[in-house]
Amino acid sequence: MNMAAKGREKIREIYVNAGGGYKVTVGAGLIDKCGELLRPVLAGDTVMLVTDTNVAPLYLKRVSSSLANAGFRVVSYAIQAGEASKNMVVITSLLEFFADSGLSRSDAVVSLGGGVVGDIAGFAAGVYMRGVAFVQIPTTLLASVDASVGGKTGVDLSAGKNLAGVFHQPRGVICDVSCLETLPQDVFADGVAEVIKTGILSGAELFSLCESRIDKSENLIDIIEKCVQYKAKIVEEDEREGGLRKLLNLGHTVGHAIERLSGYTILHGHAVARGIAVISRAAAALGYLSEDVLRRIISALEVNGLPTTTEYAAAELAAAAISDKKRKGGTITLVMPRGIGDCALVDYPVDELEGIFSLGLSGAGTNACDGTGAL
Ligand code: GLY
């Protein structure tokens, strides 16, 4: 067996001690085994498989067969792909469908797709009959390294992203890296932005892997494992985001503002990449971060084909960020990078935001790319 084939044999299991406790299983070809992997953690007869219109033609049949072979009655629902589906109207339709399909309290909802599907399906599972079992089968890198782990679910409101939702930890996460091989490059890069975020937060071991281009090679299993291990540690200490978990919002205050200002036409990871660049430049200007580490962060984004500039002005970004749920009265908590593996939560009065974002936008032209470069 050659090295590459050997790499595909790897299966990693990461235990997350939150909710009832659950395992994140990472490996190649797992969707065809999801029935046997899930049977021990799901007690009911029926699985409600929630997916989207992009993922259904690719994987729905294989996942349904595996679940049916494990003895489950499988019912499926495909939502329209895209962030625009993250709203309460879709949640209501989904809940009505659960009830019409006879989904009972002991049954389970399984999400098959990216972060949007997971957020919607998880929210519906969290409120249906006051909460039924939930499982995530992420099919994007972004969902694999971040969204599928930690129990955050929800939908957007006109006032901002993820403003309605519940914490609902899954019973298990099955991450099949074979699904990532067919991702369009911009969707793959979206997840790389969250990997870079985790690298900055967690330290040199992961960040150094982000300093060269991350591709769909065999070390993706290692990268996903490192991201999930870091996230598990944070979630275990602060499941409800009272403090520490806010670190995972690095780049997200500006990122969410950009997503909202673009009418959600800019993908989450691409917005977060811009947000990481803006806050890192601001952190350097304010004396938190050295110019050398700033250069390394910008370079990691660029080498992975991610954008580091935004067309939105500091005032627009600040106004959009102020309605974000992370605002606390007259202050907002920003995640300030101080080094690789060293970020701080800093509270700022909301009227200082525009000035901070201006610092993050100035000088952006000198080392920026527009993110459209080939990966
Ligand atoms: N995506 C950030 C978190 O789960 O807290």
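Residues take their numbers from the sequence shown, with the count starting at 1. Order of appearance sets the numbers: ligands from 1, and atoms from 1 within every ligand.
Looking only at atom types and distance, the side chain of H268 has no donor-acceptor partner in the side chain of E83 under 3.5 Å away.
No single ILVMFWY cluster, assembled from side-chain heavy atoms under 4.5 Å apart, contains both V235 and V173.
By the salt bridge (Lys or Arg N to Asp or Glu O under 4.0 Å) test, K33 is found to be paired with no residue, residues two or more places apart in sequence or in another chain being considered. By the salt bridge (Lys or Arg N to Asp or Glu O under 4.0 Å) test, E239 pairs with no residue at all, sequence neighbours left out.
Neither the backbone nor the side chain of H252 has a heavy atom within less than 4.0 Å of ligand 1.
Shown in contact with R245 at under 4.0 Å from a heavy atom are these atoms of ligand 1, numbered in order with element: 3 (C), 4 (O), 5 (O).
Below 3.5 Å of separation, one finds an N or O of D146 facing an N or O of ligand 1. At least one N or O atom of K152 sits closer than 3.5 Å to an N or O atom of ligand 1.
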